[in-house]
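Here's the structure we're looking at; comments come further down.
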2 protein chains.
Amino acid sequence: MIEQTLPAAVSRSCCPSLTMRPLGQDDAVEFARLLKAVADPTRLRLVSLVAANVSNEACVCDLTEPVGLGQPTVSHHLKILVDAGVLDREKRGVWSYYSIKASTLEKLAAFLSPA
Amino acid sequence: MIEQTLPAAVSRSCCPSLTMRPLGQDDAVEFARLLKAVADPTRLRLVSLVAANVSNEACVCDLTEPVGLGQPTVSHHLKILVDAGVLDREKRGVWSYYSIKASTLEKLAAFLSPA
DNA sequence: ACCACGTATTGACAAATGTCAATGTCTTGG
DNA sequence: CCAAGACATTGACATTTGTCAATACGTGGT
C-alpha cells in the first residue's frame with residue numbers, strides 16, 4: 001500500500017498561517033505559547049540587547065543593569081525565552097551566554113505575515 | 001531654518017525592529033501590548049476564523065460556536081483585538097462585523113523578522 | 001410602543017504572571 | 001579543599017488575565 005494518506009495532524013501543521021489557513025487548536029496553543037514568551041516589555045528588551053551585543057551573545061551580567069531588574073528576575077525571563085525557543089543558552093565556564101535563535105523568530109514572522 | 005533636526009522620538013520610532021536596532025522602552029511597551037493581544041489561543045483562532053470567512057468578515061454569532069465559548073467572552077476577546085488594532089469593527093444594523101486589519105499584522109511581522 | 005434578538009458591559013473569581021528576597025548549585029582560583 | 005562569584009531555583013505576594021453569569025444597550029419587526 002504505497003499511497004498512504006498522511007495523518008490529519010501533519011497536513012494541518014504544515015507551515016501554519018494565522019490568516020491564510022484555518023488554524024487548528026493545537027497550532028493555536030503552540031503559537032500562543034510562543035507569542036506569550038515575547039509579549040512582555042522586559043523580554044523584548046532582553047532579546048534586543050542580546051542581538052545588539054557584539055558576537056550576538058550576552059551573559060546575565062550584561063543584561064541586569066540595562067533592564068534595571070534583579071538578577072533572579074532576569075534569569076527567570078531568560079528561561080522563559082529559552083523554553084520558547086527564542087533564545088539559545090550555552091554555558092561556558094561560570095557564565096551562561098544567550099544568543100538569538102533566528103529560526104524561531106522567522107517562524108513567528110511567517111506565521112503572522114498576512115501576505 | 002529649513003534643515004530641522006527631527007525629534008529623537010521620531011528617529012527611534014522609525015520602523016522599529018526587535019533584532020536589528022536597539023529597542024527603546026516605549027517601543028518595547030507598545031509592541032508588548034500588541035503581542036499580548038495575540039498571545040492567546042482563543043484570540044488566534046478568532047482572528048483565523050475571521051480571515052477564513054467569505055468576504056473576510058464575521059459577526060459574533062459566527063464565532064461563538066466554533067471557539068466553544070460564551071458570547072460575552074467572545075465579545076471580550078474581540079474587544080481586545082480591536083483595541084490592539086488587529087481587527088476592525090463595523091456595526092451594520094444589529095450586527096457587528098469584524099475584519100482583519102492587515103497593516104497591524106504586517107507591522108508585527110516586520111518587527112519580529114530577523115532578516 | 002413593545003418585544004425579540006444580537007451585542008456590549010459589569011461583577012466576580014480562579015488561574016496565571018512579574019517581581020523580589022532568600023537560598024541553592026556549580027565552576028574557578030588560591 | 002575552601003572561598004568567591006555567576007547563575008538558577010524556590011517561596012511569597014500583588015497584579016493581571018480568562019472565563020462565566022447576570023445585566024444593560026440598541027436596533028428592527030409587528
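Proteins get letters first, then strands, A, B, ... in listed order; numbering begins at 1 in each. Since this is a predicted model, take the numbers as computed values, not measurements.
On a pure distance criterion of 3.5 Å, no polar donor-acceptor pair joins the side chain of Q71(A) and the base of dA6(D).
Annotation: side chain to side chain contact (heavy atoms under 4.5 Å, CB included) contacts of V94(A) (sequence neighbours excluded): none.
Residue P72(A) is the one, among V94(A) and P72(A), whose nearest nucleotide of DNA chain C lies closer to the 5' end (criterion: closest heavy atom).
Atom CD in E90(B) sits roughly 19 Å away from atom P in dG26(D) (whole-Å rounding). Nucleotide dG6(C) holds its P atom 14 Å from the CG atom of L63(B), rounded to whole Å. Between the NZ atom of K91(B) and the P atom of dG26(D) there is a distance of 8 Å, rounded to whole Å. Put simply, CG on L81(B) is 14 Å from P on dT17(D), counting in whole angstrom units. Atom CH2 of W95(A) and atom C1' of dA8(D) are 17 Å apart (whole Å).
Looking only at distances, a side-chain donor or acceptor of K36(B) sits under 3.5 Å from a matching main-chain atom of A39(A). Between the side chain of S96(B) and the backbone N or O of K91(B), no donor-acceptor pair lies under 3.5 Å.
One finds a side-chain N or O of R89(A) lying less than 4.0 angstrom from the OP1 or OP2 phosphate oxygen of dA8(D). Taking only side-chain nitrogens and oxygens, Y98(A) never comes nearer than 4.0 Å to OP1 or OP2 of dA6(D). An OP1 or OP2 oxygen of dA6(D) is reached within less than 4.0 angstrom by no side-chain nitrogen or oxygen of Y97(A). A close approach under 4.0 Å does not occur between any side-chain nitrogen or oxygen of S75(B) and OP1 or OP2 of dT9(C).
When heavy atoms are screened at a 4.0 angstrom cut-off, K79(A) is found touching the sugar-phosphate backbone but no base atom.
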Under 3.5 Å, sequence neighbours excluded: what are the donor-acceptor pairs made by side chains of residues 105-115 of chain B?
residue: K107(B); atom: NZ; partner: E30(B); partner atom: OE2; Å: 3.3

Where do N or O atoms of nucleotides 15-18 of chain C meet protein N or O atoms at under 3.5 Å, pair by pair?
residue: dG18(C); atom: OP1; partner: D40(A); partner atom: OD1; Å: 3.4
residue: dG18(C); atom: OP1; partner: R43(A); partner atom: NH2; Å: 3.0
residue: dG18(C); atom: OP2; partner: R43(A); partner atom: NH1; Å: 3.3

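A cation-pi arrangement is absent between R89(B) and Y98(B) under the rule of less than 6.0 angstrom and at most 45 degrees off the ring axis.
Residue L34(A) holds its CG atom at 12.0 Å from CG of D27(A), rounded to the nearest 0.5 Å.
Checked against I100(B) for a side chain to side chain contact (heavy atoms under 4.5 Å, CB included), the options N53(B), N56(B), L81(B), L87(B) give a single hit: L87(B).
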